Structures are given as C-alpha cells and as structure tokens.
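Here's the structure we're looking at; comments come further down.
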There are 2 protein chains.
Amino acid sequence: MTADGRLSWRAVRDRIHARILSGHYAPGDRLPRDADIADTLGCARSTVQRAMQDLSDSGIVERRRKGGTRVRPDPVTRATFEIPVTRREVEAKGGRYGYQLIRRALEETPRTIAATLEIGAPERMLRVEALHLSDGRPFMLEDRWISTATAPEILDVDLSVESANEWLVVNRPYSRCDVRFSAEAAGEREAELLGCAPGSALFVIDRTTWIGTRPITTVKAATAPGYELLTRTPGDQGAM
Amino acid sequence: MTADGRLSWRAVRDRIHARILSGHYAPGDRLPRDADIADTLGCARSTVQRAMQDLSDSGIVERRRKGGTRVRPDPVTRATFEIPVTRREVEAKGGRYGYQLIRRALEETPRTIAATLEIGAPERMLRVEALHLSDGRPFMLEDRWISTATAPEILDVDLSVESANEWLVVNRPYSRCDVRFSAEAAGEREAELLGCAPGSALFVIDRTTWIGTRPITTVKAATAPGYELLTRTPGDQGAM
DNA sequence: ATTCATATTATGTAGCTACTTATTTTGTCA
DNA sequence: TGACAAAATAAGTAGCTACATAATATGAAT
C-alpha cells in the first residue's frame with residue numbers, strides 16, 4: 001500500500017495470493033485478466049502485471065499469452081539456497097576458518113569429469129584436493145578440477161595459502177552453474193581426512209561452473225557429518 | 001533486442017552481466033547510475049531498472065538507494081530447486097508410482113516437532129508414515145505430522161489410497177515453506193522399509209509448511225540410496 | 001468435416017512522466 | 001570538533017500509452 005491509498009504491486013500480489021490460499025481460486029482455475037483485476041482493485045494494469053509476474057516466478061500461477069493466468073495445477077515447492085564461499089560459510093556459523101591444501105597435480109580428467117564439464121574429450125587439468133576447517137576441525141573436503149585452458153592464472157596461485165574456491169569466486173565469475181546434492185557414505189580416505197568413521201553419511205555438493213560454454217571448474221565437496229543446508233528465508237514471500 | 005533495434009531489458013542485463021564477467025567491473029565496484037547507463041545504451045531508465053532488478057535478484061549486484069549499484073563483493077552461488085509432488089517426481093524419472101500407508105495415528109508431538117512447527121506447546125496431531133515406490137521399489141519414506149487444527153479434513157481422507165503429500169498440496173496451499181537438506185545413516189527400521197543396508201547414507205529432506213502463522217505439516221522424507229537433487233536449469237540465465 | 005488463413009485476445013515489453021524514499025553528503029551552528 | 005539539520009542523489013514505485021507476440025478462436029473455402 002502506498003501513501004496515497006493506492007495499492008502497491010506487493011499488495012496486489014498478496015491479495016491474489018490470499019485468494020488462492022483461501023481456495024477462492026483452486027489449482028487449475030483461471031484468474032480474471034490483468035485488466036479486469038486492475039479495474040476491480042482500482043490500480044493500473046502494469047501494477048497487476050508486476051504482481052502476476054512475481055506469482056509466476058514463485059511457481060504459484062502459470063501465465064500464457066491469450067490463455068490467461070491460471071493457478072498452477074501441480075504446485076511445486078521451490079526452494080532457493082545460497083552457497084557462499086566456504087570461508088564465509090564457516091565464519092557465518094561462528095567458526096574460525098582454517099584451510100589445508102592436500103594435493104595439487106596436473107592430471108588428465110577421467111571421462112566422467114569431462115562429461116560433467118561438457119567437453120568432448122578428456123583434457124589435462126589442475127586437480128586440487130583441499131580441506132576446509134572450522135575451529136580446527138574438518139568441515140568440508142573438496143576434490144576439484146580446474147580448466148587450465150579457461151583459467152591459466154590458477155597455475156601461478158599459491159594454493160597452500162589461498163583456496164581455489166576463494167580465488168575462482170573472485171577471479172572467474174561464471175555465467176552458468178550446475179549444482180547437485182546427494183548423500184554418500186564416507187570411504188576410507190574421506191573418513192580419515194574428515195575425521196569420521198568410514199561409512200558415515202556425508203552430505204555431498206557437486207558444483208560445476210562455466211563461462212559461456214567454456215568450463216571453469218567442477219568440484220565435489222563432501223561435508224563433515226552433521227552438515228545441513230537450509231533455505232534462505234526470503235525477504236518478502238510469505239504473503240497473507 | 002526488439003524488432004525496432006532498441007535494447008530489451010534482457011539484452012541490457014546480459015550486457016551488464018558480460019561486463020562483470022569480463023572483469024570490466026570487478027567485485028565491489030560501483031556501476032554507473034541507471035540513468036547514465038540508459039543514456040549510454042540509448043534506452044529508457046525503466047529498462048535498465050528492470051535489468052538491474054534481475055541482476056540483483058540473481059545475487060550478482062547489490063543495489064541501494066542513493067548508494068547506487070555495485071557488484072556483489074562476496075559472490076554466492078544461488079541455486080533453486082523444485083520439489084514436485086512425489087508421484088510426479090517418480091513419474092518424471094520414468095518410474096511407475098506406487099504408494100503404501102504404513103502407519104496412521106493421533107499422537108502428541110514431541111517437543112522438537114512442536115518447535116519446528118513454531119507452536120508453543122505440544123499438540124495432538126495426525127502422524128502418518130508412508131512409503132513412496134518407483135516401479136515397486138522403495139523410493140522415499142516419509143514421516144509426517146499434520147496439524148488437525150489447521151487441516152481437520154485430513155482425518156476423513158483415506159490415506160491408504162491417497163497420500164497425505166498429494167492431498168495437502170492440493171487442499172492446503174502454504175504461504176511459507178522451510179526446507180532442510182541433510183545426509184543421515186539409515187537406522188534399522190528405515191533400512192528395512194527402504195530395502196537397503198542399515199547405515200546406508202540417505203539423503204533427507206525436511207519440510208515444514210505454514211499458512212500465515214498456522215502450521216500445516218512437517219515431514220521428514222528419507223530417500224532411498226542413490227537419490228540426488230539437481231538445480232532446475234533456469235530458462236533465461238546464462239548470459240554472455 | 002477438414003484445412004488454412006484471419007481475427008481476436010490476453011499477456012509481454014518498452015518508453016515516458018511524476019513522485020517517493022532511503023541514504024549519503026554537505027554545511028551550519030554550537 | 002562534533003552534532004544535527006538540510007540538500008542532494010539514486011534507486012523504487014505507480015500510472016499511462018503504445019505496440020509486440022503468442023495462442024486461441026473463428027470462419028471461409030474446399
């Protein structure tokens with residue numbers, strides 16, 4: 001609601017959302033056209049448009065030209081997660097950040113890694129294994145491949161001091177990022193490095209980034225037992 | 001780009017994004033004001049505004065009134081996941097969906113559950129344990145609490161036929177949803193129901209929903225070994 | 001009845017103006 | 001110098017118009 005009593009687009013959005021939540025509009029139902037809603041509520045169509053766009057982005061309604069707007073018949077839970085640089089993540093959780101380089105080598109990528117990076121043939125890349133620590137205890141173990149074609153400067157970085165994670169995030173912003181979450185049992189080596197029992201359930205984050213179509217890096221990050229990931233609480237959402 | 005040669009807001013966004021990716025604007029740098037960019041590119045300020053809003057939503061830039069726009073100094077990976085109704089998820093993966101009700105009882109919530117649901121004191125709620133199957137094999141085991149205060153009709157639903165998941169999604173849209181991902185070792189009971197070895201690493205999704213401030217349901221869904229969650233590939237993203 | 005061109009319709013996009021609001025900068029006064 | 005008020009600034013919002021685009025509906029011709 002604005003100062004002069006007119007409805008803001010958020011107010012319009014919340015109003016429509018409320019009608020959906022209350023069952024006035026059920027999943028699959030068609031909503032009135034933007035222009036009619038605008039008339040009813042006494043605001044401009046552009047305001048309704050913005051409200052509807054937001055509801056559409058949130059997965060609550062579907063919009064199609066000429067077809068109009070309807071309540072999504074198969075609601076989905078849309079969750080957004082923010083994965084910060086590991087150092088920040090540790091610090092945000094109140095820990096003192098530590099870092100150890102375990103291995104650094106130039107190797108030919110296995111076929112699976114080449115496929116993940118969407119390159120035709122295996123390539124020689126920089127492989128880095130490192131451990132992130134929180135208050136001196138293992139927090140996350142990363143096994144990373146970095147394309148030396150896309151980021152040659154990484155070869156001159158002293159990775160025993162600065163983590164590849166941190167360097168890349170600042171120096172190689174990506175245009176595309178694929179993320180995969182899974183659970184995996186700790187192997188012998190992982191268990192030892194993460195300081196847990198072999199077979200422990202680990203939360204694993206696989207991430208691959210590209211700039212344009214050129215691969216930058218792919219990393220498998222195995223987190224120490226107990227790790228969990230929460231949805232970022234949206235600033236607005238939660239209408240009604 | 002529009003038909004008449006003017007820049008669309010997506011084109012403007014991609015252009016600015018490209019300049020960030022190329023390092024022309026580095027993390028922390030301040031960008032020109034919207035009006036200046038509009039002049040430079042020969043488009044309206046509202047177009048730049050829309051482009052900037054999108055970059056801001058994507059976590060690429062930060063905007064503050066008077067402060068202007070700057071490239072986010074601590075880039076975060078922002079990943080969005082869509083969690084559909086379990087039946088649809090199974091079907092989307094090419095499986096034949098099956099469902100089994102394991103337990104249905106009215107119970108007092110433990111304190112931990114009451115806390116998760118953000119209610120002051122424990123309450124009597126409907127507890128449902130059910131197994132979702134894909135091609136006859138266990139896919140996901142859910143342990144759910146449903147507020148009979150918020151959704152009393154659930155008591156009349158034949159949960160041996162229709163899953164609570166499905167009923168709630170259609171009949172109790174939520175205004176807020178918290179999601180938590182974690183990895184957990186399968187216990188005796190879980191292992192038996194999911195048909196895996198005890199101690200197997202399971203991917204666990206905890207979800208709690210509210211309508212306004214009233215709790216609807218909280219569910220712990222343990223997925224069979226091998227489950228993984230991928231980012232939904234955004235329709236637009238991937239500029240440059 | 002089927003096909004295909006045409007009209008209609010509802011959303012999408014761009015531009016303009018005017019005003020609001022949060023925040024920083026500046027400048028004055030104690 | 002420090003505190004506080006006033007001015008300036010840059011993004012945020014709302015409304016208007018005009019036109020683009022995609023999808024559907026209609027109707028004519030075969």
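In this text the structure is predicted, and so the values were computed from the model without any measurement. In what follows, chains carry the letters A, B, and so on, assigned in the order in which the sequence lines appear, proteins first and then strands, with residues in each chain numbered from 1.
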Nearest-Å distance, [atom1] ([X]) to [atom2] ([N])?
X	N	atom1	atom2	value
B/R50	D/dA11	CZ	P	16 Å
B/R10	D/dA20	CZ	C1'	14 Å
B/W9	C/dC16	CH2	C1'	20 Å
B/Q53	C/dT13	CD	P	15 Å
A/L7	D/dG12	CG	P	21 Å
A/D57	C/dG12	CG	C1'	13 Å
A/M52	C/dG12	CE	P	10 Å
A/D39	C/dA10	CG	P	13 Å

Measure all distances between protein nitrogen or oxygen atoms and nitrogen or oxygen atoms of nucleotides 3-5 of chain D, and list the pairs falling under 3.5 Å.
none

Counting only side-chain nitrogens and oxygens, does [X] get under 4.0 Å of the OP1 or OP2 atom of [N]?
X	N	result
B/S8	C/dA14	yes
B/R63	D/dG12	yes
A/T47	D/dT13	no
B/Q49	D/dA11	no
B/R45	D/dA10	no

Please check if atom CZ in A/R15 has more than 12 non-hydrogen atoms from other residues, nucleotides or ligands closer than 6.0 Å.
->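 Open.
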Original post:
Between residues 27-35 of chain A and DNA chain D, which residues have a heavy-atom gap below 4.0 Å?
Top reply: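 Correct list: empty, so none.
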Where each residue is assigned the nucleotide of DNA chain D containing its nearest heavy atom, which of A/K66 and B/S56 is assigned the position nearer the 5′ end?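 Closest to the 5' end, via its nearest nucleotide, is B/S56.
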Straight-line distance of A/R172 CZ to A/T150 OG1, nearest 0.5 Å =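 If we round to the nearest 0.5 Å, A/R172:CZ and A/T150:OG1 are 8.0 Å apart.
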Counting N and O atoms only, with roles assigned by atom type, does the side chain of A/Y174 sit under 3.5 Å from a partner on the main chain of A/T208, one being a donor and the other an acceptor?
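Such a contact is absent between A/Y174 side chain and A/T208 backbone.
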| task | Let me know, please, whether A/R64 or A/S46 comes out on the 5' side of the other along DNA chain C by nearest nucleotide. | result |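 Closest to the 5' end, via its nearest nucleotide, is A/R64.
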Report task. Taking all non-hydrogen atoms of both residues into account, name the closest pair between A/P215 and A/I119 and its distance. Result ->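 Closest heavy-atom pair between A/P215 and A/I119: CG-CG2, 3.6 Å.
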B/W167 and B/V157: which non-hydrogen atoms are nearest, and at how many Å?
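Looks like NE1-CG2, 3.4 Å.
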task: Give a yes-or-no answer on whether the side chains of A/T77 and B/R207 include a donor-acceptor pair shorter than 3.5 Å.
output: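 On atom types as modelled, these side chains qualify, holding a pair under 3.5 Å.
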Lys/Arg-Asp/Glu bridge criterion (N-O < 4.0 Å) met for A/R63, A/D34:
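Salt bridge present between A/R63 and A/D34.
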Can you tell whether the side chains of B/R70 and B/E62 come within less than 4.0 Å, N to carboxylate O?
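No, B/R70 and B/E62 are not salt-bridged.
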Report task. Anything under 30° is parallel, anything over 60° is perpendicular, the rest tilted; go ahead and classify A/F181 against A/F203. Result ->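 The rings of A/F181 and A/F203 sit tilted, inter-plane angle from 30° to 60°.
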Quick one: are A/F139 and A/K93 in side-chain contact, heavy atoms under 4.5 Å?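 In short, these two side chains touch, coming nearer than 4.5 Å.
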Check your understanding: Hey, does B/G67 reach any base, or is it just sugar-phosphate, or nothing, if we go heavy atoms under 4.0 Å?
Key ->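 Counting heavy atoms under 4.0 Å across all strands, no contact is made by B/G67.
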